[in-house]
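Input: a single structure, listed below in structure tokens.
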Amino acid sequence: MSGALNLRRLGAVARKEFIHVLRDPRALGIAIVLPMIMLMIFGYALTTDLDRVPLAIWDQSRTPQSRELVARFEGSRYFSVMARPGSYGEVEDSLARGRTMMAVVLPVEFGRRVASGRKVQVQVLTDGSDANTTTLALSYADAIVRNYSQELLVEKARRLTGHPPALPLDLRFRAWFNTDMESRIFIVPGLIAVIMMLIAALLTSLTVAREWETGTMEQLISTPLRGSELILGKLAPYFAIGMVDMLLSVLAGRFLFDVPIRGSLLLLFGVSAVYLVGALSLGILISAKAKSQLLASQFAFVATFLPAFLLSGFMFDIANMPKALQVVTYLIPARYFVAFLRGLYLKGTGLAQLWPECLLMVAFGALMLLSAIRSFKKRLA
């Protein structure tokens, strides 16, 4: 195991690992098929968009004024009127059975009070078991009612003065980087970071553990191979597979989810390669310490997917987490890759703005690679 780093020996190990992967359909399935399946499932299933909330409307007034407000809800893409109950019992039943998520109750005097310019209360009942969705639905309902109320005030002022009043504030809304406010534009880039971390670590976590389980590690030890040559040789085929996965993920994001890439493709794949080296090395590190493939794969899943999914800012805003968890997120490499991908995808920012994330990922890749080599040599000692 002594001697200088030899590219010929390294290439022999890489060729052996390539042959093993090509002959093992399970490894190929994990390497190629699983990332695409995860991207499809999570890409379509994970969404923060709120559309077609099932709604019940009990219009006790049945006047032109109440029908106008009902029509506002019916015409909104955020709500879908699923029930028109005739009593509070029916309203409660639709919410309790889950047929609707929200109910709007218009009182009997709604039309009369609106026509006379007096204030009238509109009751909104919601299923609060899903707090996030309920909060969004309430905000949309509030916007519809407020808009209708504002139009009534403008019409009243026009009748009194002969001309509509000029509103003191004129809000002009424009969303940069995601004009249509579609959640997939935000989710897919972060999803790529999470999937690449999991798949890369899962693939390499099985390599060294497999050699120990099958007894071939003793044969490798008896050869002139150095620990660094063995580790780099084993990394090479999985690095190539990982870059193919990255390419497929980028193509799927662009043509299946219609997520534009506004930044440099060269920078994207360059930084992805550095991130991939770190993730693969983490898998090697886990594999070198584990005693079985089952233990290695389980630990790789827990150590990569859960932190990347929960603590990287992919799904949950880091600023809203407890202070202690915010500190922990600085140790999650996916945090920096998620920020990098979203900056490059959505904003088209380059290395001048994203250099801190790039530098931290270089440090992560180097640290994991050196740790994997050192841990493997220590186990052989």
Side-chain angles (χ1 to χ4, degrees), residues 35 38-39 41-43 45-48 130-132 135 183 186-206 209 242 246 249 268 271-290 294-347 349 353-375 378:
M38 292 181 65
L39 189 63
I41 293 176
F42 285 111
L46 288 178
T47 177
T48 57
D130 186 347
N132 292 332
T135 301
S183 63
F186 180 75
I187 287 177
V188 170
L191 185 59
I192 293 175
V194 174
I195 291 176
M196 294 307 298
M197 170 60 77
L198 170 64
I199 297 302
L202 191 60
L203 283 173
T204 52
S205 68
L206 302 175
M246 186 66 194
S249 299
L268 171 62
V271 175
S272 298
V274 174
Y275 178 74
L276 189 60
V277 168
L280 291 169
S281 300
L282 176 60
I284 290 285
L285 179 62
I286 294 171
S287 183
K289 291 184 174 296
L294 178 61
L295 180 61
S297 60
Q298 290 177 340
F299 189 77
F301 181 84
V302 173
T304 58
F305 181 73
L306 294 180
F309 191 88
L310 299 175
L311 301 178
S312 66
F314 162 61
M315 280 300 296
F316 308 104
D317 188 8
I318 294 176
N320 293 331
M321 297 179 184
K323 294 296 182 181
L325 276 183
Q326 291 184 34
V327 174
V328 173
T329 61
Y330 287 103
L331 302 176
I332 309 301
R335 167 182 176 153
Y336 308 110
F337 197 44
V338 168
F340 167 81
L341 287 177
R342 284 176 174 167
L344 187 138
Y345 263 87
L346 276 70
K347 302 178 182 179
T349 49
Q353 295 80 21
L354 296 172
W355 68 265
E357 287 81 5
C358 296
L359 186 61
L360 287 167
M361 281 185 286
V362 169
F364 162 68
L367 177 63
M368 287 297 101
L369 182 58
L370 293 175
S371 299
I373 294 174
R374 181 179 180 182
S375 178
K378 185 178 180 180

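The figures that follow rest on heavy atoms only: side chains count, while hydrogens, waters and symmetry mates do not.
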| task | Walk me through it: do L268 and M246 pass the test side-chain contact (heavy atoms from CB on, under 4.5 Å)? | result | CA-CA 10 Å; L268 171 62; M246 186 66 194; 4.0 Å; yes
Looking at [atom1] of [X] and [atom2] of [Y], how far apart are the two atoms once the value is rounded to the nearest 0.5 Å?
X    : Y    : atom1 : atom2 : value
T329 : I318 : OG1   : CD1   : 4.5 Å
Q326 : R335 : CD    : CZ    : 8.0 Å
Y336 : L341 : OH    : CG    : 15.0 Å
S281 : I286 : OG    : CD1   : 11.0 Å

So do the side chains of [X] and [Y] get within less than 4.5 Å of each other, counting heavy atoms only?
X    : Y    : result
F186 : Y345 : no
V328 : M321 : no
P189 : V338 : no
I187 : F314 : yes
V194 : M315 : no
L311 : L325 : yes
S272 : L276 : no

| task | Indicate the ring-plane relationship of F316 and F309, choosing parallel, tilted or perpendicular according to the 30° and 60° boundaries. | result | perpendicular
| task | Describe, in one word, how the ring planes of Y275 and F337 are oriented to each other, choosing from parallel (under 30°), tilted (30 to 60°) and perpendicular (over 60°). | result | parallel
| Do other residues, nucleotides or ligands put more than 12 heavy atoms under 6.0 Å from the CG atom of N132? | no
| said: My understanding is that only one of I284, L282, L285 makes a side chain to side chain contact (heavy atoms under 4.5 Å, CB included) with T204; could you say which? | reply: I284
| remark: Of L191, L198, I192, the one forming a side chain to side chain contact (heavy atoms under 4.5 Å, CB included) with I195 is L191
